[in-house]
Amino acid sequence: MAAPTPPLDQLGRPPGVLRLSLTARCNLACPYCCPDSHDPPELLTLPERVELVAAAAELGFSRLRLTGGEPLLNKGLEALVAALQPLRGVRERSCSPGLSEIALTTNGVLLSAERARALRRAGLDRITVSLDGTDGASVGRMAGLAGGVPAGEAVLEKVLAALDHARRAGFDPATGGLKLNAVIARGQNEDQLLPLAALARQRGIELRLIEFMDVGNRNGWQPDQVLPAAEMVRRIGIHWPLEPLGRQAHGTASRWRYRDGVAHLAVVASISAPFCGDCDRLRITADGVAYTCLFASSGVDLKPWLRPSSSAADSLSGALRGLWSQRHDRYSEERKLEQPSGNVTTPRSLAEMAYLGG
Ligand code: SAM
Ligand code: SF4
């Protein structure tokens, strides 16, 4: 019997990346993100998470990113990564070749040498570490730390150590196994652009600069706080000339190569140059609610298909297929079309970034 074909959404987009949040909580309090202080009451269990990823992988979600909140707060993270390994490779009656990649996004604070090694041993392929500055004052401000400069310095020291731990554990920046994310907000940390680029270049790590996005309702986002990606690239290019490499199909980042051959730079321009047209991402929260867009107001609770007592008629895989087939989200493009200047003030009830998993 021929394998079923992957579902296409209403705009003809196939499934690709599953972003699974493990907690809505965080050990930092970045003001552009505003994480929850408590987790939702009904967190998924490890076996439920594995079942969910297996069903999604069968439909064609071949790349998995574990995120949060802060995913390293989850003590079962390494066990989850290990339990997902059998999902790699071709599976019977499946639309996809199984999981091809398991990645993690983390603020790095809890990434000790031991945990980095354990994650590698468990089968994690890639780590992206987030850091928004290179001095105590910037890091303290961007991470929402109450303790000012000393607290920022302490976090910075841990995150820099985390980069070393990850590299030593085998996450190789030269092959994309280790990357650095930075949110840049105009008037807040734009002075950190060059220092962050220098830090990443010194370490041979790809730096991914992210425009401050209007996710959620708590972060007080205003259009004038967005530093457009093109301007970030211009400022860095003055110091270290850059060559464009373009955006990979379905990717979020447009990539650049430093002309001197030292590492790469990437920008995520979801406000100034939205990429909804080929978006292949599905987000599932720590309590099993699926969102087909980062800017969606509501999601679909998948727990009824995961819990044995459920009276749900169809299978989990059928529910995911139905959800994806009905998807028509293209919020960032619509925002841009409605207001070319980016001046959107429509009040909408949105899920928060840390709950959705970034
Ligand atoms: N705690 C982890 C971390 O910070 O890497 C994982 C979760 S975090 C929500 C995932 C990514 O989303 C981080 O790189 C973070 O900087 C980014 N992010 C959070 N809020 C954002 C916003 N409003 N605009 C743009 N990026 C944001
Ligand atoms: Fe925490 Fe990441 Fe949100 Fe910062 S961006 S508060 S580190 S979840």
Side-chain angles (χ1 to χ4, degrees), residues 17 19-39 65-74 77 103-111 126-133 138-146 151-152 155-156 158-159 162-163 166 178-186 188-189 192 196 200 205-223 225-229 232 252-253 266-272 274-275 281 283-286 291 294-295 331-332 335 342 344 350-358:
V17 175
R19 299 186 65 114
L20 184 65
S21 171
L22 302 184
T23 173
R25 289 181 302 119
C26 190
N27 47 349
L28 300 182
C30 309
Y32 54 78
C33 172
C34 304
D36 291 338
S37 49
H38 299 289
D39 263 321
R65 183 162 289 273
L66 300 169
T67 175
E70 176 45 45
L72 285 169
L73 287 175
N74 185 310
L77 173 63
L104 175 77
T105 307
T106 171
N107 62 35
V109 172
L110 296 172
L111 190 64
R126 297 171 190 269
I127 299 185
T128 302
V129 175
S130 304
L131 178 68
D132 304 326
S138 309
V139 172
R141 190 172 61 251
M142 295 305 284
L145 303 177
V155 164
L156 176 61
K158 286 186 183 142
V159 181
L163 292 174
L178 180 61
K179 293 182 183 169
L180 196 59
N181 266 5
V183 174
I184 302 294
R186 198 193 282 280
Q188 290 172 39
N189 67 336
Q192 294 301 297
L196 280 166
I205 299 178
E206 178 169 317
L207 173 66
R208 296 159 46 97
L209 299 165
I210 309 174
E211 289 179 350
F212 177 27
M213 290 187 270
D214 51 335
V215 184
N217 291 117
R218 293 184 200 146
N219 65 13
W221 183 89
Q222 291 294 327
Q225 295 169 324
V226 178
L227 185 68
M232 300 189 209
T252 56
V267 287
V268 180
S270 62
I271 303 288
S272 64
F275 33 77
R281 289 171 283 285
R283 295 173 160 86
I284 298 184
T285 65
Y291 283 79
L294 191 50
F295 300 96
Y331 171 78
S332 291
R335 175 216 296 115
V344 174
L350 297 170
E352 296 298 328
M353 187 69 137
Y355 176 58
L356 283 177

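Bear in mind that the values here come from a model prediction, so they are computed numbers and not experimental data. Start at 1 and go down the list; that is how both ligands and their atoms are numbered.
Each of the following atoms of ligand 1 lies closer than 4.0 Å to a heavy atom of Glu211: 24 (N), 25 (C). Distances below 4.0 Å separate heavy atoms of Asn219 from the following atoms of ligand 1: 23 (N). Taking a cut-off of under 4.0 Å to the non-hydrogen atoms of Asn107, the atoms of ligand 1 that pass are 2 (C), 3 (C), 5 (O). The atoms of ligand 1 that sit less than 4.0 Å from any heavy atom of Ile210 are 25 (C), 26 (N). Using a 4.0 Å cut-off to heavy atoms of Cys33, the atoms of ligand 1 that qualify are 19 (C), 20 (N). If you number the atoms of ligand 1 from 1 as listed, the ones under 4.0 Å from a heavy atom of Asn181 come out as 14 (O). Near Glu70, meaning under 4.0 Å from any of its heavy atoms, are these atoms of ligand 1: 1 (N), 2 (C).
The distance criterion of under 3.5 Å between nitrogen or oxygen atoms is not met by Asp132 with respect to ligand 1. For Met213, a nitrogen or oxygen atom sits less than 3.5 Å from a nitrogen or oxygen atom of ligand 1, counting backbone and side chain alike. Considering backbone and side-chain atoms together, Arg19 places no N or O closer than 3.5 Å to any N or O of ligand 1. Considering backbone and side-chain N/O atoms, Thr67 never comes within less than 3.5 Å of an N/O atom of ligand 1. Considering backbone and side-chain atoms alike, Ser130 places an N or O below 3.5 Å from some N or O of ligand 1.
No side-chain donor-acceptor contact under 3.5 Å links Ser138 to the backbone of Gly133. Between the Gln225 side chain and the Gln222 main chain, a donor and an acceptor come within less than 3.5 Å of each other. Using modelled atom types, no side-chain atom of Glu352 and backbone atom of Pro35 make a donor-acceptor pair closer than 3.5 Å.
Distances from atom 1 (N) of ligand 1 to the heavy atoms of Gly69, Cys34, Pro31 put Gly69 nearest.
Contact record, Val159 with Asn107: CG2-O, 3.4 Å, taken as the closest heavy-atom pair. Contact record, Cys33 with Met353: SG-CB, 4.1 Å, taken as the closest heavy-atom pair. Contact detail for Asn189 and Ile184: the closest heavy-atom pair is OD1-CA, 3.4 Å. Taking both residues in full, the closest heavy atoms of Val183 and Met142 are given as O-CE, 4.0 Å, listed atom of the first, atom of the second, then distance. In this structure, Pro71 and Leu77 approach most closely via the heavy-atom pair O-CD2, 3.9 Å.
Between Arg281 and Thr252, the side chains place no donor N or O within less than 3.5 Å of an acceptor N or O (distance only, hydrogens not considered). Residues Ser270 and Glu211 have side chains that never bring a donor and an acceptor to within less than 3.5 angstrom of each other. With no hydrogens or angles considered, a side-chain donor-acceptor pair links Asp39 and Thr23 at under 3.5 Å. For the residue pair Arg25 / Ser37, no side-chain donor-acceptor distance below 3.5 Å is found, with atom types taken as modelled. A donor atom on one side chain and an acceptor atom on the other are found under 3.5 Å apart for Tyr331 and Asp214.
Ranking protein heavy atoms by distance to atom 26 (N) of ligand 1, first place goes to Val183 CG2, 3.3 Å. Counting protein heavy atoms only, atom 12 (O) of ligand 1 is closest to Met353 CE, 3.8 Å.
Of all protein atoms, those that are N, O or S and lie under 2.8 Å from atom 1 (Fe) of ligand 2 total 1.
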